[in-house]
Each structure stands twice: as C-alpha cells, then as structure tokens.
Amino acid sequence: MDNFQTVLRFFMNQKATIGYSFMALLTIGGERIFSMVSFQCPCNHDQNFAYGLTFLLGPGLVLLVLGLFFSSRLWRLYTGCCLNPIKLCPRGNCFTCLKVFVKIFSGACVAPIMWLCVALLNGTFYECAVSGLDDNLVLDLFCKNKTMMCREELARVPCSKSKLPSDLNLELLLMFRAQSQILGWCIIIISAVLGLLGTCYTNCRSKVSYLQLTFWKLYKEKEKEQFDTFAMEYASKLAERNLKSFFENRAPEIFPFPNHKAWEEISALYTFSKSEQYYSTLQRYVERDDRDYCPEERPVMQLDPGTERS
C-alpha cells in the first residue's frame, strides 16, 4: 500500500510533465494521420502553396483557439469585464493584467508549437507549400545552375510526377525536407530558450522565496480542487432544497449563500503583496475584518394562514 501511494504521489507531482508528454504523443499521432490519410498535395503552381500552408498552420490555429477556449484563467479574467472593466486591472495595476494574458497565451501556444514542430520535422506539408511558390527567390534557390524545366516542374516534385530525372527529383525533394527540418529545429530551440528565459525572469522577479513559491502553487492547486468539490456538493444541496420546495409545495428553507459582491471579489485577479500573507483572492476575502456576511437570499416571508393571497 505504501509503495502504491509513493507511485501515485510521484505521478501527481509530475502530472504537468505527463500531460505535456501525452499532448506530444497526440500531436505526433494527429500529424501522421493527416499526412497519410487526408493530405494529398495537388502538385500545381496555383494550389500547392495554399493547400500546404493550410495543413501546416490550420491545425495549429485550431489548437490555439481550443487552448484559449478551455483556459479557466482566461474566462475568470474576461467574464463580466465589459460591465466591470476594473476587473481587468484591479488596483490600477495594468502591468499585472498584461502578464496574466501573456501567461494564458503562452500556455495555449504549447500545443500549436508542438504541431508546427512535428509537421516541419516530417516535411510533407512544407515541401508542398514551398514548391508552389512562384517567386524568383525560391526558384533561384532550388533551381540554381539547373535547366529551365526545373522551374516548370518544381510544383510536381512532391508527388514524384515531374518530368525531371529521378536523381534531380530526389535532390530537390531532399532540399525541401532539409529546409523544413531546419525550420522545425529552429522553432524547438527558440521555444526552449524563451521558456528557460521566461522561467528565469519570473523566478528572479518573484516576491517570495523558492519554497514559499512552491507552497503557493500547491495551495492554488488544492484550493481549486477543494472549490470544485465543495461547489458541487453545495450545488447539489441547493438543487435538492429547491426541488423539495417545488414538489412539496411549501416555502423553501433558509439557505445561506454568498452575495453577488462576494462572488465578484473572489473572482478578481489576484496580486501578491508582501504586506498581506494571502495566497488567493478567496483567502484574502474570508480573512477580511470588514467582510460582508449578508446572504444573497432574502428571508422567506411566512404568510398568516388566515391571510388571503392577492
């Protein structure tokens, strides 16, 4: 039992790494499926570039939109900001809001960058797109010191249907794939360096020590887990109370519930301050001395049995 708990604790501590690894496997599998099943380069000057670029960038854009769509931090920050713009910049600190947006966007970019890197390393989409470019710079790059037929048949090279000699066709194909893989590795290296620099900058500018920062991250994770569990239980109790009132045709029982202002305060963007040892807006709210304990629900007015309803 102790060994099982140790293994479980290890996987829980490494769930971010496991999640990214699983995402990478899904990306590789998705790219292979696209390459072998649905992708068929048209091999003509008019459609190659648009077709190849669509497969190269299209899924990445979809993954970016999905990453933003499923970001709870984005919706927590964005919901209600049209009616209450101060939510975006609490205490007038717009720089903190900008940092949050950068973190949200960078987190959503992980899957698209994985897709782009895998697609470029494979080279299928890139070679189709570049072969359709009717640009003198591209043509001079691939067909330098070659016959005029190379320029005319370049778009057919990815399909191996060109009228060029087989050795020249293979040479051009290898040039396409080499360029694609170089771009893929460049994106991987740049992303890794930017990630390292961003982490170093964030830790360097941290207002707390490393151990306190670790505790802060653990607390936020546990608070979210407990909030989801407690909210589900509380919502079930409220639904049960309302259904009992409806089906039993009687006044509902008094049910304590946070007011609208309390929900707004705990949903606001949190900024850490050394003068306040709080780790979330929820903790800051519940430990306030001037906390408003007035519930949202008004007391139910009991009617006298002899009083007629209007």
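Numbers for residues simply follow the sequence, beginning at 1.
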Counting C-beta onward and ignoring hydrogens, is there a side-chain heavy-atom pair between [X] and [Y] closer than 4.5 Å?
X      : Y      : answer
Ile188 : Trp185 : yes
Cys109 : Leu64  : yes
Leu120 : Leu56  : yes

Name all residues meeting the ring-ring contact (aromatic ring centres under 6.0 Å, His included) criterion together with [X]; count only those two or more places apart in sequence or in a different chain, and write none if there are none.
X      : value
Phe230 : Tyr234
Phe125 : Phe39, Phe55
Phe176 : Phe142

Test of understanding: clusters of I, L, V, M, F, W, Y form through side-chain heavy atoms closer than 4.5 Å, transitively. Do Leu61 and Leu68 belong to the same one? no
With a 4.5 Å cut-off on side-chain heavy-atom distances among I, L, V, M, F, W and Y, is there a chain of contacts connecting Leu196 to Val110? no
In terms of relative ring orientation, are Phe257 and Trp263 parallel, tilted or perpendicular, with 30° and 60° separating the classes? tilted
Quick check on Gln40: does its CD atom have over 12 non-hydrogen neighbours (other residues, nucleotides or ligands) under 6.0 Å away? no
Quick one: list whatever passes disulfide bond (SG atoms under 2.5 Å apart) with Cys43, sequence neighbours left out. Cys159
Donor-acceptor pair, [X] side chain versus [Y] backbone, under 3.5 Å?
X      : Y      : answer
Asn48  : Asn44  : yes
Ser245 : Arg241 : no
Trp75  : Phe69  : yes
Ser131 : Cys128 : yes

Under the salt bridge (Lys or Arg N to Asp or Glu O under 4.0 Å) test, which residues partner Lys224, sequence neighbours left out? Asp228
Sorted by chain and residue number, the side chain to side chain contact (heavy atoms under 4.5 Å, CB included) partners of Gln283 (sequence neighbours excluded) come out as Tyr219, Tyr278, Tyr279, Ser280, Glu287
